[in-house]
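Structure first, then comments.
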Amino acid sequence: MLRRTIQLSLSLVMAMIAALGGMLTTAGPAQADECYTWGRTLSQGMSGSDVTELQIRVAGHAAYGEVIAVDGDFGPATKAAVTRFQQAYGLPADGVAGSQTFGRIYALQDPDCTPVHFTYAELNKCNSDWSGGAVSAATAKSNGLRTMWKLEGMRHAMGDVPITVTSGFRSHSCNSAVGGASNSRHLYGDAADLVGSPSLCRLAQQARSHGFGGIFGPGYPDHNDHTHVDGRTSRSWSAPNCGV
């Protein structure tokens, strides 16, 4: 009887262990897998699509006046951006993207790869499929994602104060309806008009260190009620009332 009791107890223990193991397997990097999972540590000199995915997520941690190239090549600018990202989130800051850096990114992104504080719907109030702009729908949507990650870095740098996007991607028809410029960056999906609890000047000033080549705000014609940022690669800044 004692032997049978011991065998039964062992069977129960083994069943519990197996069940727990199944739970742990299920609860692994599921959040990361829903969007993107890095399979190797990345450092300067490396290249590949995984570097591109990293660059998208750290582009909002650029140096003053800098626009991080999303080109799949881990160069000095990418290393510096990774270092600033690590510093911003209290990680060991060595410019090497490993498990701690990726873990922080996983915690910051939703299953559709957008950062937790911004959505595709917020960046596109024009239509549901990102079509009708100056680039393909896929490119416009990709540009919108890159803009959101820059805004996420900017938002964090300001103490995680909410930033509201009032206008993002526009098709040609949406752009015409609001009187937008014929060459507006909104047509490319890489622009956002911002308002929020930080002052418009604070938004314009802060944007200079988060990878935005275009910044227009108070004092620039038709921009006294919002701050515009965009992803052009050449610098064009004008918010005269804000010292920008």
Can you measure from CG (N241) to SG (C201) and round to the nearest 0.5 angstrom?
6.5 Å
Between K150 and D190, is the closest basic N to carboxylate O distance under 4.0 Å?
no
If you round to the nearest 0.5 Å, how far is CE of M148 from CZ of R155?
14.0 Å
In the structure I gave you, are the side-chain heavy atoms of L108 and H156 within less than 4.5 Å of one another anywhere?
no
Hey, which of L203, V195, V244, D193 is the one that makes side chain to side chain contact (heavy atoms under 4.5 Å, CB included) with T227?
L203
Any side-chain heavy-atom pair of P162 and H117 under 4.5 Å
no
Joint cluster assignment, F102 & V51, ILVMFWY side-chain distance < 4.5 Å
yes
Distance check, rounded to the nearest 0.5 Å: T52 atom OG1 versus Q55 atom CD?
5.5 Å
Going by heavy atoms in the side chains, are Q109 and V116 under 4.5 Å from each other?
no
A side-chain contact here means heavy atoms from C-beta on lying under 4.5 Å apart; do Y120 and L145 qualify?
yes
Evaluate the ring planes of F85 and H61, with Trp represented by its six-membered ring, and classify them as parallel (under 30°), tilted (30 to 60°) or perpendicular (over 60°).
perpendicular
Given I105 and L54, is the side chain to side chain contact (heavy atoms under 4.5 Å, CB included) satisfied, shown in steps?
CA-CA 9 Å; I105 292 174; L54 175 65; 3.9 Å; yes
W130 and L123, any side-chain heavy atoms less than 4.5 Å apart:
yes
Any pair with a residue in residues 135-145 that passes side chain to side chain donor-acceptor pair (under 3.5 Å), sequence neighbours left out, goes on the list, sorted by first then second residue, please.
S136-T139
Indicate, with yes or no, if the rings of H186 and H228 have centres closer together than 6.0 Å.
yes
First locate atom CD of Q206, then atom CD1 of I215, and finally report the distance between them rounded to the nearest 0.5 Å.
10.0 Å
Report yes if the side chains of Q100 and R104 come closer than 4.5 Å at any heavy-atom pair, otherwise no.
no
Under 30°, 30 to 60°, or over 60°: which ring-plane class applies to W38 and Y36, parallel, tilted or perpendicular?
perpendicular
Answer yes or no: are there more than 12 heavy-atom neighbours, outside D222 itself, under 6.0 Å from its atom CG?
no
Roughly how far, to the nearest 0.5 Å, is the NE2 atom of H223 from the SG atom of C242?
12.0 Å
Rounded to the nearest 0.5 Å, how far apart are SG of C113 and CD1 of I56?
8.5 Å
Going by heavy atoms in the side chains, are F216 and S236 under 4.5 Å from each other?
yes
Are side-chain heavy atoms of M154 and L194 found at a separation under 4.5 Å?
yes
